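Quick notes on the structure that follows.
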Amino acid sequence: MNDLAPALERTGRPLFENVAGDIAVSFEFFPPKTEKMEQTLWESVKTLEPLAPRFVSVTYGAGGSTRERTHATVERIVRETSLDAAAHLTCVEASRDEINEVARSYWAAGIRHIVALRGDPPEQGKSFEARPDGYASAVELVKGLKAIAPFEISVAAYPECHPESRNRAADLDNLWRKIDAGADRAITQFFFSPDCFLRFRDQAAAMGIDAEIVPGILPVSNVAQTRKFAAMCGATIPAWMDRLFEGLDNLPSARALVAATVAAELCGQLYAGGIRHFHFYTLNRAELAYAICHLLGLRPKEQTSDTRRTA
């Protein structure tokens, strides 16, 4: 017994012992390319809907390459579910008039929330170049959207600094300007260290950014794919993650269990640090995000036909 006591003291209390289900969540999806992907997406939407997220968002391909599919997906969510849907919109390879037209069409369709992003170039490795007749930055895009209609606007934030930023100060200044232009909140790119997010949050607050900053959580089931994402947004993938997923390529169930464990621990540590809002990058799969929300105490809300939208 005496040998066990120090071990118990070191391990501390169970990570999810005191979660109270007092969190708010949002989920991100991407527009499907095929009928099978459409079915998978819709199954995921329906699985996560009972958790009553604050909103769900749908991504927008580089250069507007998924414009029609993004619009169709967002409209279907608004039409057939009780969910509030947010549409992503970027500055890449489009004129101001084209972007403004898309924004007006969203407003006309009842979409009131835009995730406003500068966007990545269609060809990886190339620098962003604004069109002479386009929006040059997310700051300009936010201002343009606010001039069109009183959209709710979310923007991106980078706990490990955007790869194109000169330094942390410049990165935070850009976030401040997006909030000052009218953005309501910032959603971070994914990260794998709670300290990384908490330091960033505190640095933002110290320079006067008082808008909500929501941690973006990516449950990792494919390290190679995650490494590709990380290269685009400046996120660090720790070496221990490679070790955790080693040998699981042909064991999808085991891989999913490891992925859920890693992401759940991160969320539990953020929860212990006072975080109550989480944004999940679902990659159109519901199981991992649902399991993590469950561990954090979130339970399905009762739904009635009255809560659903009608066409």
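Keep in mind it's a predicted model, so treat the numbers as computed, not measured.
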Same cluster or not: [X] versus [Y], using hydrophobic residues (I, L, V, M, F, W, Y) connected whenever any side-chain heavy atoms lie under 4.5 Å apart?
X      : Y      : result
Phe16  : Leu270 : yes
Phe29  : Ile111 : yes
Phe191 : Ile209 : yes
Phe30  : Leu218 : no
Leu175 : Met207 : yes

Which heavy atom of [X] sits nearest to which heavy atom of [Y], and what is that distance?
X      : Y      : answer
Ala157 : Pro159 : O-CD, 3.6 Å
Arg118 : Thr90  : O-CB, 3.7 Å
Val78  : Ala85  : CG2-CB, 3.8 Å
Val92  : Gly119 : CG2-C, 3.5 Å
Ala94  : Arg131 : N-CD, 3.6 Å
Ile275 : Pro215 : CG2-CG, 3.7 Å

**Request:** Begin from the C-alpha positions of Leu298 and Phe278 and carry the test side-chain contact (heavy atoms from CB on, under 4.5 Å) through to its verdict.
**Result:** CA-CA 12 Å; Leu298 193 61; Phe278 299 86; over 6 Å; no

**Request:** Classify the ring geometry between His294 and Tyr290 as parallel (under 30°), tilted (30 to 60°) or perpendicular (over 60°).
**Result:**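 His294 vs Tyr290 ring planes: parallel.
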
**Prompt:** Which of parallel (below 30°), tilted (30 to 60°) and perpendicular (above 60°) describes Tyr281 and Phe190?
**Reply:**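 Tyr281 vs Phe190 ring planes: perpendicular.
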
**Item:** Test: Glu49 and Lys46 ion pair at under 4.0 Å
**Value:**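 Yes, this pair counts.
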
Taking the side chain as every heavy atom from C-beta outward, state whether [X] and [Y] have any atom pair closer than 4.5 Å.
X      : Y      : value
Leu296 : Cys267 : yes
Val220 : Val262 : no
Phe280 : Leu288 : no
Pro31  : Thr59  : yes
Ile77  : Trp42  : yes
Leu89  : Ile99  : yes
Ser57  : His279 : yes
Trp107 : Arg112 : yes

**Request:** Assess the side chains of Gln39 and Glu43: does a donor N or O sit below 3.5 Å from an acceptor N or O?
**Result:**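 Present: a donor and an acceptor within the cut-off.
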
**Asked** Could you go step by step and tell me if Val25 and Leu48 meet the side-chain contact (heavy atoms from CB on, under 4.5 Å) rule?
**Response** CA-CA 10 Å; Val25 300; Leu48 295 170; over 6 Å; no

**Asked** Mind checking what makes side chain to side chain donor-acceptor pair (under 3.5 Å) contact with Gln203, not counting sequence neighbours?
**Response**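 Partners of Gln203 by the side chain to side chain donor-acceptor pair (under 3.5 Å) criterion, ordered by chain and then number, come out as Arg168.
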
**Asked** Partners of Thr40 by side chain to side chain donor-acceptor pair (under 3.5 Å), sequence neighbours excluded?
**Response**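 Once residues adjacent in sequence are excluded, Thr40 has no partner under the side chain to side chain donor-acceptor pair (under 3.5 Å) criterion.
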
Under 3.5 Å, which donor-acceptor pairs link side chains of residues 230-249 to any protein atom two or more places apart or in another chain?
from   : atom 1 : to     : atom 2 : distance (Å)
Thr236 : OG1    : Glu160 : OE1    : 2.6
Asp242 : OD1    : Arg227 : NH2    : 3.0
Asp242 : OD2    : Arg227 : NH2    : 2.7

What pairs of donor and acceptor atoms, side-chain ones from residues 193-201 against any protein atom, are under 3.5 angstrom apart with sequence neighbours left out?
from   : atom 1 : to     : atom 2 : distance (Å)
Ser193 : OG     : Asp195 : N      : 3.4
Ser193 : OG     : Cys196 : N      : 3.3

Nearest 0.5 Å, what's the [atom1]-[atom2] distance between [X] and [Y]?
X      : Y      : atom1 : atom2 : answer
Asn167 : Leu172 : CG    : CG    : 9.0 Å
Asp133 : Asp97  : CG    : CG    : 7.5 Å
Asp173 : Arg177 : CG    : CZ    : 5.5 Å

**Heavy-atom donor-acceptor pair, Asn284 side chain to Ser44 backbone, under 3.5 Å** =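 Not at all, since once roles are kept as given, no pair shorter than 3.5 Å links the two residues.
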
**Prompt:** Is it true that a side-chain atom of Ser26 and a backbone atom of Val56 form a donor plus acceptor pair closer than 3.5 Å?
**Reply:**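 No; zero donor-acceptor contacts below 3.5 Å.
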
**Message:** Applying side-chain contact (heavy atoms from CB on, under 4.5 Å) to Tyr271 and Leu295, what does each step give before you reach the verdict?
**Reply:** CA-CA 11 Å; Tyr271 184 92; Leu295 285 170; over 6 Å; no

**Prompt:** Should side-chain heavy atoms under 4.5 Å link Ile, Leu, Val, Met, Phe, Trp and Tyr, which residues sit in the same cluster as Val115?
**Reply:**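 The other cluster members (ILVMFWY side chains, heavy atoms under 4.5 Å, direct or chained) are Leu117.
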
**Message:** With side-chain contact (heavy atoms from CB on, under 4.5 Å) as the criterion, how do Arg54 and Val214 come out once you've worked through the C-alpha distance, each side chain's angles and the decisive distance to 0.1 Å?
**Reply:** CA-CA 12 Å; Arg54 294 198 293 171; Val214 182; 3.6 Å; yes

When the side chains of residues 138-155 are checked against the rest of the protein, which donor-acceptor pairs come out under 3.5 Å, sequence neighbours left out?
from   : atom 1 : to     : atom 2 : distance (Å)
Glu140 : OE1    : Arg96  : NH2    : 2.7
Glu140 : OE1    : Ala136 : N      : 3.0
Lys146 : NZ     : Phe151 : O      : 2.7
Glu152 : OE2    : Arg185 : NH1    : 2.8
Glu152 : OE2    : Arg185 : NH2    : 2.8
Ser154 : OG     : His113 : NE2    : 2.8
Ser154 : OG     : Arg185 : NH1    : 3.1

